[in-house]
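As structure tokens, the structure follows; a few thoughts come after it.
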Protein chains: 2
Amino acid sequence: MRSTPTGPERSADDLTARARIRDAAVRRFATDGLAAPLRTIAADAGVSPGLILHHFGSRDGLRDECDQFVLDEMFRADDELLRDSGASTAAAWLAGLGQHSAMVGYMLRLLQHGGPVLTAFVDRMVAATVDYLEAGVADGSIRPSLAPRARARYIVESSLGALLLRMPAARDRLDLDALADVLQAYTEEVTVPTLELYTEGLLVDRSLLEAFAANLPGESPGTEPEQEGHHT
Amino acid sequence: MRSTPTGPERSADDLTARARIRDAAVRRFATDGLAAPLRTIAADAGVSPGLILHHFGSRDGLRDECDQFVLDEMFRADDELLRDSGASTAAAWLAGLGQHSAMVGYMLRLLQHGGPVLTAFVDRMVAATVDYLEAGVADGSIRPSLAPRARARYIVESSLGALLLRMPAARDRLDLDALADVLQAYTEEVTVPTLELYTEGLLVDRSLLEAFAANLPGESPGTEPEQEGHHT
DNA sequence: TAGGATGCTGAACGTGCGTTCAACACCGAC
DNA sequence: GTCGGTGTTGAACGCACGTTCAGCATCCTA
């Protein structure tokens, strides 16, 4: 029931009621939060509430489909952007917004809500960042780290977390039309502090770092003896 | 109805049903999320559902009281810790947890939920961080910044946001008993990446920063011509 | 001892939700 | 032309929730 619409050749144009429901759901979940009523989504899609459950089985079924759809689309767009531009992951991520505001909003709701889907997403971003940083270390543009994976995770979680926290006033109801501008303004505001911190650091004295580094289990920079995963 | 319990001299021992309800609510909101049913809270407090509304008027009234109570307590404890130890704000913040796990959990829920209360909290933390960094710049331990307020906000939002994002697996139901250990493990894990980043930065080349700094409106480090506030 | 305020109860009401279901419309196959 | 299936509807069910309310208990005051 999931993979292919039962109608003949309908899956091509992607304008089936099923797709309309899915799109309406993504948009409504983004604006109103992941607890948005199915009746509202049905009204948005111009469809009866019963049809949603006919197609997706249950509310959770619809959520699962939205999760999968948004993540797939995001990673597809992300890969394209990453292939085309040599910019940093976060910058490339925030660049291609124009059309995808509903999906970006849905991603923010996922960040807010948590759960296994988010965990998997963060892990994937961490893995990509590890590779990206490793390449930077290799070509001499990025400093090596005592704990490359922990550093990548820290950077990813800081960036995404800060992004999520910046939406507090608008979290009750996300305005998708204004989202692109808001994110643009946000990136401009954090550019200087980020570059400052990433270029010069914050502390003048190296003693704190060296004190902690001395107590570290022997790890050569660039390799990763530390085990990753969520210790939650 | 808010400020003083109507009973004579009852406010001293803080063991009134009203206080028991408030404590149970904070704990239940922390574990189950801010949408936890009033009936559950009533059962936790050993009290009938009607009594909650007798004391707090409505669900929102209870939420308001919890917000105010938790924030007051947190800032009180924070001020104490900050006065005693010279440690960084984040470190001191995460140090005194033993008893206050319910309030810390409630704060995490506030971070997750957003809203004006969270905005005010973040603003207050940013202001404190501005002062802290300014003092560090003055005594030479912290590098000056082109945009001190934006830097402080970035640091606060990164730290809090990363903290929030690290709870994803447990966000459905927070285990308050394990919270202290989880946060302890988290701080240990991020200590090295944080110190590394704060001491050495990430980028080898200064050209990116200098390119952006050149386009900046003339601002002398240490002062703040940039206007603050939320552009959301 | 009477009386009234205060703390508190538990049943009940109304609402909004996810979900179920019987029925209808359309459409290609025989 | 009939028939089965797929897409779709909208009314209805059951449930959980916030909230209301009439009444009871307890204790201070007079």
Side-chain angles (χ1 to χ4, degrees), chain A residues 1-26 28-29 31-67 109 113 115 172-173, chain B residues 1-26 28-29 31-67 109 113 115 172-173:
Chain A
M1 178 176 277
R2 160 73 59 80
S3 49
T4 44
T6 35
E9 310 300 331
R10 281 274 192 84
S11 75
D13 55 4
D14 207 30
L15 274 171
T16 47
R18 185 188 168 92
R20 277 201 340 268
I21 292 172
R22 188 236 299 130
D23 291 345
V26 168
R28 187 52 83 164
F29 282 143
T31 58
D32 293 6
L34 298 183
L38 290 190
R39 284 169 164 87
T40 311
I41 296 171
D44 290 347
V47 135
S48 77
L51 190 58
I52 297 185
L53 294 123
H54 171 71
H55 276 305
F56 300 96
S58 73
R59 180 190 176 80
D60 288 339
L62 177 61
R63 276 292 320 283
D64 289 347
E65 186 113 344
C66 290
D67 287 347
R109 292 300 186 183
H113 183 262
D172 194 52
R173 191 171 200 287
Chain B
M1 180 175 275
R2 163 71 61 79
S3 50
T4 44
T6 34
E9 310 300 331
R10 279 277 189 84
S11 74
D13 55 2
D14 207 31
L15 274 170
T16 48
R18 186 188 167 93
R20 276 200 340 266
I21 292 172
R22 189 238 297 132
D23 291 346
V26 168
R28 188 53 82 164
F29 282 143
T31 57
D32 292 7
L34 297 183
L38 290 190
R39 283 171 164 84
T40 311
I41 297 171
D44 289 348
V47 137
S48 78
L51 189 58
I52 296 185
L53 294 123
H54 172 70
H55 277 305
F56 300 96
S58 73
R59 180 190 176 80
D60 288 338
L62 176 61
R63 276 292 321 281
D64 288 347
E65 185 113 346
C66 290
D67 286 347
R109 292 301 185 183
H113 184 262
D172 193 53
R173 190 169 202 289

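Chain naming here is simple, since letters A, B, ... match the order of the sequence lines and numbering starts at 1 in each. None of the values given here were measured: they were computed from a predicted structure.
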Between D:dA25 (P) and B:Leu51 (CG): distance, integer Å: 17 Å
Expressed as a whole number of angstroms, how long is the span from B:Arg18:CZ to C:dG7:P? 10 Å
Please report, rounded to the nearest Å, how far the C1' atom of D:dG7 is from the CZ atom of A:Phe56. 13 Å
Within the structure provided, determine whether A:Arg18 and A:Glu65 are in side-chain contact (heavy-atom separation under 4.5 Å). yes
Counting C-beta onward and ignoring hydrogens, is there a side-chain heavy-atom pair between A:Phe56 and A:Arg63 closer than 4.5 Å? no
Separation between CG of A:Asp32 and CG of A:Asp172, rounded to the nearest 0.5 Å: 8.5 Å
A:His54 NE2 to C:dA25 P, straight-line distance once rounded to whole Å: 17 Å
B:His55 vs C:dC8: side-chain N/O to OP1/OP2 distance below 4.0 Å: yes
In 5'-to-3' order, the base (B), backbone-only (S) or no-contact (-) status of each nucleotide in nucleotides 17-24 of chain C, using a 4.0 angstrom heavy-atom cut-off, is BBBB----
Under 3.5 Å, is there a donor-acceptor pair between the side chain of B:Arg109 and the main chain of B:Thr31? yes
D:dG7 C1' sits how many Å from A:Ile52 CD1, rounded? 14 Å
Please report the distance, rounded to the nearest Å, between CG in A:Asp32 and C1' in C:dG16. 15 Å
Closest heavy-atom pair and its distance - B:Pro49, B:Arg39: CG-CG, 4.2 Å
For B:Leu62, does its backbone N or O pair with a side-chain atom of B:Arg22 as donor and acceptor, under 3.5 Å? no
